[in-house]
Every structure is written in C-alpha cells, then in structure tokens.
Amino acid sequence: MRTRRAATAGKLTVVLATLVLVVAGCGGGPSPRVWAASVCQALTPWRAEISKLTSSTQQQMTAQTTPAQAKENLVRLFAGAEQASETARRKVEEAGVPEAERGAEVSAGFLGSLSKMRDAYGRARDSIDGLDTAQAGPFYDGVRSAVDTLNKEYDASALDTSKLNSTELKEAFDEVPECR
C-alpha cells in the first residue's frame with residue numbers, strides 16, 4: 001500500500017511540475033528582442049505598401065484622367081492602404097505584449113497608432129467614394145479636401161516614441177536586424 005501511494009505521489013509531482021512549466025511558458029510575453037523583430041517584420045511591408053500607395057495617389061492627383069477614373073483609382077488606393085494598415089495592426093497584435101518594462105503600454109501605442117491610420121484611410125476612401133464626378137472642378141476640390149484631412153489625421157495618429165520609455169524595447173529595436 002505504501003509503495004502505491006509513493007508511486008501516485010511521484011506521478012502527481014510530475015504532473016504538477018509539467019503544469020507549472022506550461023503555465024510559466026504561457027504567462028509571459030515575448031522577449032523585447034523577439035517582439036521588436038516581430039513588429040519590424042509587420043511594419044516593413046506596411047511602410048513599403050504605404051509608400052507605393054502614396055506615390056500612386058500623387059500620380060492620380062496629376063494624371064489626365066476623368067473624374068470617374070480618378071475616383072475609382074483613388075478609392076482602390078485608399079482601400080489598399082486601409083487593408084495594409086489593418087494587416088500590420090493585426091500582425092503587431094499577434095506579436096503579443098513584450099515582457100519588458102512598460103511593454104503593455106508600448107504595444108498598445110503601436111496598436112492604437114495603426115488603428116488610427118487604418119481608420120483615416122478608410123474615411124478618405126469613403127469621402128472620395130461619396131464625391132460626385134459630374135464636374136471635374138468640384139470633384140478634384142473634394143479630393144484635395146479628403147487628402148488634406150487624411151494627411152492631418154495621419155500626422156495626428158503617428159506614434160510618439162518619445163513617450164514610450166522602455167529602455168529594453170529601445171535597445172531591442174536598435175539591435176535586431178529586422179529593424180535596420
């Protein structure tokens with residue numbers, strides 16, 4: 001009887017030790033370096049896409065197209081920027097919260113900034129989509145107004161990294177190759 005209890009106690013110890021390891025592994029977020037690499041991997045294609053879309057938007061603003069063609073192209077461009085921003089936001093969210101001083105605050109700052117950018121592109125798309133293309137002058141005035149509003153909202157949504165004081169994360173962003 002005694003050996004049976006000892007064997008049961010031994011099995012229980014192994015199960016508890018395994019649970020502790022599993023819970024410990026799930027409880028913490030990624031290291032600062034892993035998180036920074038994930039964020040930079042999410043933002044690099046997003047920046048490239050936004051740059052490409054910005055260039056295309058500028059071309060559309062000066063191209064000799066009809067208002068209907070310009071509207072179609074601009075709506076598509078801003079929808080692409082909105083989607084690219086959401087994809088980047090989702091990837092940053094999937095990166096988790098870094099195991100660092102103020103990690104939750106830094107992560108929330110990135111997510112909030114990307115959400116605001118996504119929403120600004122969506123509003124610009126909706127504004128342009130709602131414009132009447134019957135007369136070129138008023139249409140292009142509306143486009144300029146929508147782009148001006150987008151630029152203001154975009155600038156306001158930029159992440160102020162000076163307020164995100166996490167030495168660990170600053171070092172990680174400086175050190176990981178994905179962020180260079």
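Only heavy atoms go into these numbers, but all of them, side chains included; no hydrogens, no water, no symmetry mates. Residue numbers run from 1 in the order of the sequence given.
- In this structure, a donor-acceptor pair under 3.5 Å is present between the side chains of Gln83 and Thr87.
- Residues Lys116 and Ser113 have side chains not in contact (no heavy-atom distance under 4.5 Å, counting atoms from C-beta outward).
- Residue Val92 is grouped with residue Leu169 when hydrophobic side chains (ILVMFWY) are merged at heavy-atom distances under 4.5 angstrom, including chains of intermediate members.
- For the pair Leu150/Arg123, no side-chain contact is recorded, criterion being any heavy-atom separation below 4.5 Å from C-beta on.
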Audit row: Val147, Phe78, side chain to side chain contact (heavy atoms under 4.5 Å, CB included) steps and yes/no = CA-CA 10 Å; Val147 170; Phe78 289 134; 4.1 Å; yes

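- Distance OG1/Thr44 to CZ/Arg180: 13.0 Å, rounded to 0.5 Å.
- When all heavy atoms of Ala100 and Pro32 are compared, the pair lying nearest together is CB-CG, 3.8 Å.
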Could you go step by step and tell me if Glu93 and Arg90 meet the salt bridge (Lys or Arg N to Asp or Glu O under 4.0 Å) rule?
-> CA-CA 5 Å; Glu93 183 177 54; Arg90 190 178 61 252; over 6 Å; no

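- Pro45 and Ala42 make their closest contact through CD-O, 3.7 Å (heavy atoms, listed as atom of the first residue, atom of the second, distance).
- Of the inter-residue distances, the one linking Asp119 atom CG with Glu86 atom CD reads 9.0 Å to the nearest 0.5 angstrom.
- Under the 3.5 Å distance criterion, the side-chain polar atoms of Arg118 are left unmatched by any main-chain donor or acceptor of Ala84.
- Under a hydrophobic-cluster definition in which Ile, Leu, Val, Met, Phe, Trp and Tyr are linked whenever side-chain heavy atoms come within less than 4.5 Å, directly or via other members, Val39 and Val176 are assigned to different clusters.
- A pairwise comparison of heavy atoms in Ala70 and Thr65 identifies CB-OG1, 3.6 Å as the closest pair.
- With Ser107 contributing its side chain and Gly103 its backbone, the two residues share no donor-acceptor pair below 3.5 Å.
- Across all their heavy atoms, Met117 and Ser157 have their closest contact at CG-OG, 3.1 Å.
- Atoms CG and CZ, on Asp129 and Arg76 in that order, are 12.5 Å from each other to the nearest 0.5 Å.
- For the pair Leu43 and Ala88, the tightest heavy-atom approach, listed with the atom from each and the gap, is CD2-CB, 4.3 Å.
- Between the side chain of Glu175 and the backbone N or O of Arg33 there is no donor-acceptor pair closer than 3.5 Å.
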Does the side chain to side chain contact (heavy atoms under 4.5 Å, CB included) test come out yes or no for Leu114 and Trp46, once each step is laid out?
-> CA-CA 10 Å; Leu114 287 165; Trp46 173 76; 4.0 Å; yes

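- Between atom CZ of residue Arg102 and atom CD of residue Glu168 there is a gap of 12.0 Å, rounded to the nearest 0.5 Å.
- Checking side-chain atoms of Asn73 against main-chain N and O of Gln69 turns up a donor-acceptor pair under 3.5 Å.
- Residues Thr66 and Thr133 are not in side-chain contact: their nearest non-hydrogen atoms beyond the backbone lie 4.5 Å or more apart.
- Atom CG of Leu111 is separated from atom CZ of Arg89 by 6.5 Å, given to the nearest 0.5 angstrom.
- In this pair, Phe110 and Trp35 present their aromatic rings perpendicular. The plane angle is above 60°, beyond the 30 to 60° band.
- For the pair Ser85/Ile50, a side-chain contact is recorded, criterion being any heavy-atom separation below 4.5 Å from C-beta on.
- In terms of heavy atoms, Leu131 sits closest to Gly142 at CD1-C, 3.6 Å.
- Of the inter-residue distances, the one linking Phe139 atom CZ with Ile128 atom CD1 reads 6.5 Å to the nearest 0.5 angstrom.
- At a threshold of 4.5 Å between non-hydrogen side-chain atoms, the residues Gln41 and Lys91 do not count as touching.
- The shortest distance between side-chain heavy atoms of Thr149 and Ser127 does not fall below 4.5 Å.
- Although no hydrogens or angles enter the test, the distance criterion places no donor-acceptor pair under 3.5 Å between the side chain of Glu101 and the main chain of Ser166.
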